[in-house]
Amino acid sequence: MPHKLDPNKNRIQILRLLVVFSLLLLIVALFRFQIIQADKYISLAAQNRLRFIRLSPSRGDIVDANGAILATSMKVFNLMGYPQDLMKKGRLQLLERIFLRHGIPISKKKIKDIIKKQYTVPYNAVTVLLNLTLAQVSDLISDPEFPEFLFPLPVMRRVYPTGNLLPHVLGYVGEITKEELENLGEKGYRGGDVIGKAGVELVYEDKLRGEYGEEAIEVDAKGRRVRVVNRKEPMPGEKVVLTIDLNAQSYAASLLGGRKGAVFAMDVKNGDVKVLYSFPGYDPNSLAWGLSSKEWKLILKNRDKPMMNRVISGTYPPGSTYKVVTAYAALAEKKISPNTTYYCGGAFRLGNRTFRCWKKTGHGTENLERAIRDSCDVYFYQVGLEAGINALAFWSRKLGLGEITGIDLPGEADGLVADPTWKKRTFGESWYLGDTVNYSIGQGFLLTTPIQMARVFAAIANGGKLVRPRLYMGRAVEVQDLGLSNKTLSFIRKALYQVVKSGTGRPAGRYGVEVSGKTGTAQNPHGEDHAWFVGYAPSKDPKYVAVALVEGGGHGSSAAAPIVGQLLSFLCNGSR
Amino acid sequence: MKKFLRSLFERVYALREMDFLTLVLVFLLFLVGLVSIYSATAGRGDIVKYFVYRQAIWGTIAFGAFLFVFCVGHERLLKWSAIVYASVLFLMALVLIAGTVSRGSQSWIDIGTLLHLGQVRIQPSELGKVALSLVLASWLSRFPPNKLKNFLGALAIAGLSGALVLLQPDLGTAAVYGCITLAALFASGALGKYLAILLSIVVGCMPLGWHFLKEYQRLRLLVFINPYLDPLGAGYNVIQSRIAVGAGGLWGKGFLKGTQSKLYFLPEPHTDFIFSVFAEEFGFVGSTIIILLFGFLLWRLLGIAKIVKDKRAKIFIVGISAWIWFQVIESLAMSMGLAPVTGLPLPFLSYGGSSLVSVGIALGIVQSIYVSTKKQYRLTLD
């Protein structure tokens, strides 16, 4: 590398001097602002009495398909103050005294904790008391000792007029947690904001939420509001219209009548959810307005699990309702035909094991239609063995079992569609034919949620289309054509019609609408059997599918079938 | 392989010949930055640790980049300057297509999550500052700008990256590129009349450029002239920042005691307005020390440029000095309301990974130049 002697050494020296000169200019400028004019700016900073208050928007209403209000917002008042004012000596004591005088017992220490929890900077207002009614606020303000550094701020609170009728659909709102704040930082949430915690409130949070406004106000030396400098109005949230029919929902609740279980109904063609009821439930009002941690623990510890949405998160063996899947699988794989007959003597022997039919005396010789009608177990043991476990698992999955249905609610359970690979992996055991026998009548390594079974029956009713259930009217309808054989489906529909007409499902057909469906009685290792009924109506031109599951309810025929029958009649004919 | 290891060992060994004064100055400035970032974000609750922690990690990464570049050596980088420049141009073009928009300009590429840093995005226009200095150094030493042809060639090369940042649009960075180019041309002996014509064209085109500015950019310039034009919008920052600096007084209000910076008056107190935060809490004394640190650093850098024999290295150092100088002047003047708001970081202090890594790389090259120069002098003395 040839190094030329540089003729421009001087130029670099010039640059150096320029740097020094420019930096000196900066120091001169600093000197002007920080020394000569320091007093002016120090007093400007001291007078900088801008305060920022966040204005909460009114959260969007949630209404049912007919416009009945399920969740709305109500105006109450919060008492606000600035930490820098509140924490001055003696002020907390004053507050304690005044609050007590007006019937609000709250200790000095508690107030201090409340302030500390919300503290960010001394200039940001914190909430000292919340959820005061207009009467309470006017009472407080008229107190001669009421301090000027406290001011009432109207805020919107969530109320659920329907109480504990559909908590699992609506969910509830609550104050944002630290974790949520970190995860949702990008969306402009702040501590103290209210956010959807479960159900529709959670799923459609972005729509319901609205936009917070902000008010910049100038205050005087005592913290009194002098003028509003800038105000951004809060934007109210959007209204969310649900597909739910509140009347039907409340009817379903009365039908279940305090028994543990789930009732669900939807449109067979587009998956519009009409009824989604799970009992026991809870009152979202109490959660939205704040529970003590003790009350929370009580709810969480409750062995009946009131927070669990049994329709979508409860997994149960489907019992005999699963026989339609067994039948379809065997027919589709051409292992049997509708005319295949088996003899039922009340029990079926496989090797040295005996599998009983629910009817101890046996059904005699049955064909497929009659076997579905009578829910003959022995018949289906053999159909299941003919089809084989892989075909059963394949068709179960095809019909949407073992995976979530995609309803717009959080916390859906997958259920379980086991196969030999699963058993090997989980228990390290091979699959026995006995497992298949159990499987074919919906027992054993098979777990479904009520909503999954409703979807299976909807597919049978609507000609083989798997619908995605939806709660929000604005959500796209998603229907997946499974390409099932129409001939087979119409045969199964005929059999399901017979179930209610002359078989085990007769109690479902007494309410003025022709119902097709299937009973189920699922063995429960922990106690009484679970009662199932899944059905659709009207049989000729199916509109709605409904499922009822009564935990420990005993026979599907007596416990669950009447619920579905009455609910379908209500949905098809309106209230009588 | 053995040869490679040997040369690597030599490079590592050469580290002890580094200019430690520069290193110490930079380290001090970085520490001041950490302190200021802590203070700037202290009002935001738990997030405090997050920013300081990330900045410390970025500082470590930048130091790693510094060592790496030092080991690669300036010779290689200057030889490959065209390739380096082309790849950075490619990244900058990519930003325009697939970049992330933040604060009004599309300058970032998301590269996913990394280590404990969470979401990481890089700003190729920061790397562009190093690459531009490199390529100008090679070009101008080979084709000295005492001929108009060479002068225009250098302008065309710089114009490529300049156009790409203007498209983002990032006016501040474009101005830095302009400053680097001008300084490089000046140091490489461009004829005075060329420079004079260039400057007058730039000044002459300013009214024309007004039409190309976005609304918010115009507003920033307008409020610079008169902050009270929009006292609660764009002008608010300028007014409040000046109050912050002025309220610092002689000694400052003390660490974490600044009230101005704890208000929400600055949208980015830990990046663009980091100096205001510092000046409010450490006053005239502290601010002057910062300026002196930068002064020593730039004096030293240009001093190295003076003694270096390799002309390319000389021009390169002038380029990066111009970059640091411009950002210091702009950032400090902006804090006092003496320059329009541009969003340029204050080197070593402002929160931001790309900026730290870029200066780390630039200083790695400078140190490499310094070490080799020292060796040459020693050889001549022998």
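Residue numbering restarts at 1 for every chain, and letters A, B, ... go by the order of the sequence lines. This is a predicted model, so every value here is computed, not measured.
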*Taking all non-hydrogen atoms of both residues, which atom of B/G246 and which atom of A/I42 are closest, and how far apart?*
O-CG1, 4.5 Å
*Any side-chain heavy atom of A/L30 within less than 4.5 Å of one from B/I291?*
yes
*By a 4.5 Å heavy-atom criterion (distance strictly below it), what part of B/L298 contacts chain A: side chain, backbone, both, or neither?*
side chain
*Any ring-ring contact (aromatic ring centres under 6.0 Å, His included) pairs touching residues 312-333 of chain B, not counting sequence neighbours?*
none
*Is it the side chain or the backbone of A/V19 that comes within 4.5 Å of chain B heavy atoms, both, or neither?*
both
*Would you find a donor on one side and an acceptor on the other, under 3.5 Å apart, between the side chain of A/R11 and the backbone of B/F186?*
yes
*Report yes if some heavy atom in the side chain of A/L23 is under 4.5 Å from a heavy atom in the side chain of B/I329; otherwise report no.*
yes
_CD1 on A/I12 to CD1 on B/I304, rounded to 0.5 Å_ = 11.5 Å
_Minimum side-chain heavy-atom gap B/M336-A/L26 below 4.5 Å_ = yes
*asked:* For the interface with chain A, which of B/A183, B/S335, B/A322, B/G303 has the highest count of heavy-atom pairs at distances below 4.5 Å?
replied: B/G303
*Just by modelled atom types, is the B/L301 backbone N or O under 3.5 Å from a matching donor or acceptor in the A/R16 side chain?*
no
_Which atoms of B/F275 approach chain A - backbone, side chain, both or neither, heavy atom under 4.5 Å_ = side chain
_Taking atom CZ as the centre, does B/F296 end up with more than 12 heavy-atom neighbours from other residues, nucleotides or ligands that are less than 6.0 angstrom away?_
no
Quiz: residues 32-40 of chain A side-chain donor-acceptor pairs under 3.5 angstrom, not counting sequence neighbours:
from  : atom 1 : to     : atom 2 : distance (Å)
A/Q34 : OE1    : B/F284 : N      : 3.2
A/Q34 : NE2    : B/V245 : O      : 2.9
A/Q34 : NE2    : B/A279 : O      : 3.4

